[in-house]
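Scroll down for the structure; my scribbles are underneath it.
Here is the naming used below: chain letters follow the sequence lines, and residue numbers restart at 1 for every chain. All values below come from the heavy atoms of this structure, side chains included, with hydrogens, waters and symmetry mates left out. Just so it is clear, the structure is predicted and the values come from calculations on it, not from any experiment.
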Amino acid sequence: MSLFNFWKKEEDLFDENITIEETRFVVLDTETTGFDYDNDRILCIGALVLQNGVISVQDSFEVYIQQDHYDKSTAQIHGILKAFVVQRPSEKEALEQFLAFLGDSIIIAHHTVFDVTMINKALERNGDPELTNKRLDTAILYKKTLIQSHLFERKDHYTLDDLADKFDISKKDRHTALGDAYITAIAFLKIIKKLKEKKHVNLNSLFK
Amino acid sequence: MKNTISQRVADFLKNFPPFSFLHQKDLEKLSEQISIVYKDKDAVIFAENDKTHDSFYVVHKGAVALKKSPKNTVLDMCDEGDIFGLRPLLAQENYIMEAVAYEETILYAVPIAVFKPYALENRNVGNFLIESYASNTRNPYSDIHKDKLYGDDLLHENHHSERDSFDLQPIKYSKKIVTCSPSTTARDIAKIMTKNKVGAILIVDEMLPIGIITDKDLRNKIVTGDYSILTTAETIMTKPVITYPKKMTVTEAQMAMMKSNISYLCLTKDGTTNTKAVGILSKHDVMVALGNNPAVLIKALKRTKKAKEIKPIRARIMQLLQGYLDQNIPMTLISKIITELNEACITRVIEISLEKMSSPPPVKFAWLALGSQGRSEQMLHTDQDNAIVYENVSDVFKEETKIYFLKFATLVNKGLFEIGYDYCPAEMMASNPKWCMSLDEWKNQVHHWITNPGKNEVLLSFIFFDYSLTYGDAAITNELSDFIFENVKANPIFYVHLVSGALQSPSPTGFFRQFLVEQDGANKDHFDIKRRALMPLTDAARVLILSHSIKGISNTAERFEKLADLEPNNRELYLSCSYSFKALLKFRTKQGLLHNDSGQFIALETLSKMEKIKLKRTFKTIKELQELISVRFNVSNLV
């Protein structure tokens, strides 16, 4: 290790010349039977591609998954009934489709840890390796847009609803996987805009 | 593949022509092929002479300006639901205009290849497009709206109404004519007029107008006692009636009234008294037609029922502001009028929010504007800073009351956001529990700031001490103001902190008297006029005025004028401060209007030499003022 690396606090993940715009992001959200990583299951994965500030409707992903585990109490939130008649592939098939869609893109979600962990648990059950994609979280990025001061007591958690309110994004389709992914994508674009007003932003700085 | 987003797109498009003519199924199919495009403010969507894209665009959110060189004149402004960039696609030629995002915008890009079959197949869609070409408007249906240009329909005349020819447009008159026969008594006439809420009544004989009675006639002839209230109309009416044809321009109407010194014109079918009366035109109608005038705007505001309806009025206020600046009207006057109008907008938002609440407020409260708005210096759209103070309540109701006001404040904050005030990035807003408190809680808070002045406490008191009452109970704010003065008096050390805070604003010029510009971020190489020039003046004025215990003046320029009276020996400096402040504020406002932003950052290369000299002259005054306060409050002992 050279001496210079010692001074370099955090290493840059990406080539400096890659812009945020040209990067392919996959914005995703999952609807699950609950919040328990081990027992609960993914009912639906919704994802879309964001590149150059464009979301192509055709190029979006929405899959409802056949699951044996079901929790009535969360059905009130996502509204996915057990016998909901949509073509539903098995978990393994759905994951294969999803991985093909995702590729090596950077993942964006709101509270990304949750969605990614749920997906990783599912991958593990099906004997597949975990996701290695880079991740961004709009809940964390949003906080960077706010003024930092210990005097202002601010919330620890900003929900997707909070962001939708702040950025005036319609909350129609809230709690459908793809609907939430869409809100997250627009929120992400608006956060980048806010951050750019404050200082120079590139792909690397988003990960610091 | 049909999915949640394509449905969302279809749901939006179905409200606007030509998509509204499509069958639900076709629309859903079309929506699946659409791309959603995000454009930052000022981003170019396509430029003049660009090769056409493979899609045309529908504005989903925001606004897009269509411009044409050489002067970059805005030819059209596309709002939500409007289509643009379609004609060149069908005509297969390059773009003839430039499309720029006027604000942050989300577009739907519709591929022409997908759309074309529908245009050919569906006659309504085809007709719509043909009509758009023929009339050369984006939306031929907007013609219907254009007829009622004045008064009610504010949406369609913002931004780009042709000011020059405006006076020559036909006037809108009231078709509701109130009439009576010549034998009606004065008492009955008064009753009829009151009932119909009109200021004038026509006296008709066999449908033909023979005379007119106005409020003025009743006052001059009946109320004075000259005639009894049982006198018939015939005796007291003004005759003959001055009549005009119904096709009149605004200017003609104005001149007719001035010529005959009357406030009402009777319009008849052919313009003579020999035909039926068709309408009455009052001075008020003329005034409304004249458009952007503060009184008219206030009136339009009062009629709004939703925050969304206020937004176009705000756009007209900005036009008015531009007009005032162009005419070089004194800044003091401009800022008074504009502040008044802005406050009226905010008050209306508050009233609308109050109506939305399920019950009236449990106790009296005051809505405070903080920061620049509190100082009546806010002219452009900026962030919102506000707070609520409410009457003390017993412990039992404490929780309940707080919840009520927080809920209320959330509504107001959202409404203000809708009309163009951004959320405060520091969450210094009444919907934050820290800025929504009872009088006693506020007193504790202020006491804490004053007795423990750290850097942040001073900053907070800076923002808070410039409050002004926007809505609600004045007694509460008065009590709070008194409390602040008493506390500041008892804690003189607080001044020192205030002063040192005031001196911390970054300096406007460097060692070689060059402008200091920002080093980083989106505003790199721009001059920050707010932090480097306006704030030092504002901060100093606040400290000085507090030290004189002057209550109720929060405007910076006015504060300096008051100080000039109080301290005759420094009179000249203070007056020059007041002048500098106004000049700087005007500067900022002009810049803001030019770029459709807050005007805080100025690109120096766009300024003329003269403007730069003017700016620099104010810096000298700032420096002298800072020296004065640092000596007076003996800051060097502390820092």
- prompt: Under 3.5 Å, is there a donor-acceptor pair between the side chain of Q33(B) and the main chain of Q58(A)?
  reply: no
- request: With a 4.5 angstrom heavy-atom cut-off, could you sort out which part of K61(B) is near chain A: side chain, backbone, both or neither?
  value: side chain
query: Between CG of D40(B) and CD1 of I192(A), what distance do you get to the nearest 0.5 Å?
result: 11.0 Å
- line: Bottom line for L195(A): the part with an atom under 4.5 Å from chain B's heavy atoms is neither
Audit row: Y182(A), I36(B), side-chain contact (heavy atoms from CB on, under 4.5 Å) steps and yes/no: CA-CA 10 Å; Y182(A) 176 75; I36(B) 299 160; 3.5 Å; yes
field: Contacts with chain B made by residues 99-113 of chain A (heavy-atom distance under 4.5 Å), listed by residue number
entry: none
message: Counting C-beta onward and ignoring hydrogens, is there a side-chain heavy-atom pair between R8(B) and S170(A) closer than 4.5 Å?
response: yes
- request: Against chain B, label K190(A) side chain, backbone, both or neither, depending on which of its atoms sit under 4.5 Å from a heavy atom there.
  value: both
Chain A contact via N413(B) - which portion, at a heavy-atom distance below 4.5 Å: neither
message: Please determine whether the number of non-hydrogen atoms from other residues, nucleotides or ligands lying under 6.0 Å from atom NZ of K414(B) exceeds 12.
response: no
message: Take a 6.0 Å sphere around NZ of K14(B) and say whether it holds more than 12 heavy atoms from other residues, nucleotides or ligands.
response: yes
query: Side chain, backbone, both or neither: which part of L50(A) has an atom under 4.5 Å from a heavy atom of chain B?
result: neither
statement: When rounded to the nearest 0.5 Å, the distance separating CD of Q51(A) from OG of S35(B) is 11.5 Å
- line: Heavy atoms of F167(A) and F417(B) approach each other most closely as C-CZ, 4.5 Å
- request: Answer yes or no: are there more than 12 heavy-atom neighbours, outside K41(B) itself, under 6.0 Å from its atom NZ?
  value: yes
query: chain B: which of D165(A), D59(A), L189(A), V201(A) shares the most heavy-atom pairs with it under 4.5 Å?
result: L189(A)
query: Side chains of V57(A) and Q7(B): closer than 4.5 Å at any heavy-atom pair?
result: no
message: Looking at every heavy atom in both K166(A) and Y423(B), which two are closest together, and how far apart are they?
response: O-CE1, 3.4 Å
- prompt: So do Y38(B) and K193(A) actually touch side chain to side chain, heavy atoms under 4.5 Å?
  reply: yes
task: For F19(B), check ring pair (Phe, Tyr, Trp, His ring centres under 6.0 Å) against everything at least two apart and list the hits.
output: F115(B)
field: From CA spacing to verdict: side-chain contact (heavy atoms from CB on, under 4.5 Å), D168(A), E104(B)
entry: CA-CA 12 Å; D168(A) 197 24; E104(B) 199 181 20; over 6 Å; no
field: Toward chain A, the part of I106(B) with a non-hydrogen atom under 4.5 Å
entry: side chain
